[in-house]
There are 2 protein chains.
Amino acid sequence: MNIGDVAALSGLPAKTIRYYEDVGLVKPLRSTNGYRTFRESDAHKLAFLGRSRALGFSIEDCRNLIALYEDEKRASAEVKDIAEQHLERIDDKIAELKEMRATLVHLVDACAGDHRPDCPILADLATKHRGEEQLKNTAL
Amino acid sequence: MNIGDVAALSGLPAKTIRYYEDVGLVKPLRSTNGYRTFRESDAHKLAFLGRSRALGFSIEDCRNLIALYEDEKRASAEVKDIAEQHLERIDDKIAELKEMRATLVHLVDACAGDHRPDCPILADLATKHRGEEQLKNTAL
DNA sequence: GCTTGACCTTCCAGTTGGTGGAAGCCCTAG
DNA sequence: CTAGGGCTTCCACCAACTGGAAGGTCAAGC
């Protein structure tokens with residue numbers, strides 16, 4: 001299979017697949033004309049990568065997940081560990097975004113949004129909130 | 001004021017402040033020894049930037065927000081517009097993360113996390129989910 | 001008067017995960 | 001034999017910094 005074929009199969013852009021080879025996630029063969037040649041196992045791995053990335057795993061996580069996937073003697077605890085750490089990062093990110101959201105909703109609601117210059121949003125941004133602490137204490 | 005002083009005042013690292021100068025967000029003066037000299041208004045602007053960035057506004061948004069802030073004849077509608085667009089981006093991001101989270105929680109729950117190699121997480125990642133559509137259809 | 005250390009300067013490189021584009025082979029169909 | 005599409009490499013760029021090296025400046029202490 002050429003790169004276009006695996007791209008179609010995996011749903012990943014050819015550029016991305018080349019990038020994955022660059023960072024060592026796939027190691028396709030080369031045919032005599034210099035073209036990459038992908039085996040079934042490579043196509044499979046790329047699908048795995050696509051799915052893992054869609055779930056937000058980092059490239060490093062993907063590297064580890066693939067290593068575990070290929071290790072018959074893995075302990076599922078190792079996989080679960082990676083997933084749980086990722087879950088924690090996601091939860092942190094969601095919490096952070098919700099904090100921002102709460103503040104923004106509050107400000108947007110307070111702003112008339114008309115032709116006049118008076119704006120509670122700008123007023124808030126211009127206000128000293130000591131350190132960055134105020135954000136951490138914002139109610140969700 | 002030297003850069004260290006505004007850094008302490010604004011809570012921003014000196015490196016970040018230099019970067020903000022690079023991208024034209026602040027324009028401190030220079031004293032004869034080459035040191036940046038920040039006026040009160042610069043310190044104020046940096047605090048504004050710190051707060052805006054903490055709320056997740058992009059550098060480009062910040063540029064526009066500061067321009068509006070300094071424009072006495074602004075319409076608050078313009079500010080509100082920027083904030084609402086940002087809010088929308090945040091909502092999209094939260095929705096995306098929640099989708100990932102739901103899938104991950106499901107998978108983590110299903111995984112024994114012991115010494116055995118059997119792992120529903122890997123099994124899922126290795127499964128073909130046609131296109132990338134499956135994720136968009138995942139229940140929140 | 002000299003050294004030490006804190007502060008300041010610039011510039012270059014790296015981060016994450018790709019994406020865009022240019023220049024140039026390769027291959028097949030008409 | 002030429003046109004097209006697919007493939008190759010390499011280089012640059014995105015956001016928003018961050019780290020580090022090499023070196024200038026300044027105030028205090030001995």
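No hydrogens, no waters, no symmetry mates; every other heavy atom, side chains included, goes into these values.
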For D:dA16, does either OP1 or OP2 sit under 4.0 Å from a side-chain N or O belonging to B:Arg63?
-> no
Find out whether A:Tyr19 and A:Leu12 are in side-chain contact, i.e. whether some heavy atom of one side chain is under 4.5 Å from a heavy atom of the other.
-> no
Polar side chain donor-acceptor pair, B:Glu60 to B:Asn64, under 3.5 angstrom | no
May I ask you to say whether A:Asp42 pairs ionically with A:Arg39, meaning some side-chain N is under 4.0 Å from a carboxylate O?
-> yes
Test A:Glu21 against every option in A:Lys27, A:Lys15, A:Lys45, A:Arg30 by the salt bridge (charged side-chain N to carboxylate O under 4.0 Å, His left out) rule and name the one that passes.
-> A:Arg30
Integer-rounded Å distance: D:dA12 P and A:Arg18 CZ | 19 Å
Between A:Thr32 and B:Asn2, which has a closest nucleotide on DNA chain C that is more 5'?
-> B:Asn2
Mind checking B:Arg36 for me? I need base, sugar-phosphate or nothing, with any heavy atom below 4.0 Å counting as a touch.
-> sugar-phosphate
Carboxylate-amine/guanidinium proximity below 4.0 Å for B:Asp118 and B:Arg116 = no
Once base and sugar-phosphate atoms are separated, protein heavy atoms under 4.0 Å mark nucleotides 14-25 of chain C, 5' to 3', with B, S and - as ---BBSBB----
Does a side-chain N or O from B:Asn33 land closer than 4.0 Å to OP1 or OP2 of D:dC26, or not?
-> yes
Rounded to whole Å, CG of B:Asp5 lies from P of C:dC7 at a distance of 10 Å
For B:Glu21 and C:dC11, give me the distance from atom CD to atom C1', rounded to whole Å.
-> 14 Å
Starting from P on D:dG24, measure out to CZ on B:Arg30 and report it in whole angstrom.
-> 17 Å
Does a side-chain heavy-atom distance below 4.5 Å link A:Ile59 with A:Arg53?
-> yes
Can you tell me how far P of D:dG5 sits from CD1 of A:Ile3, to the nearest Å?
-> 19 Å
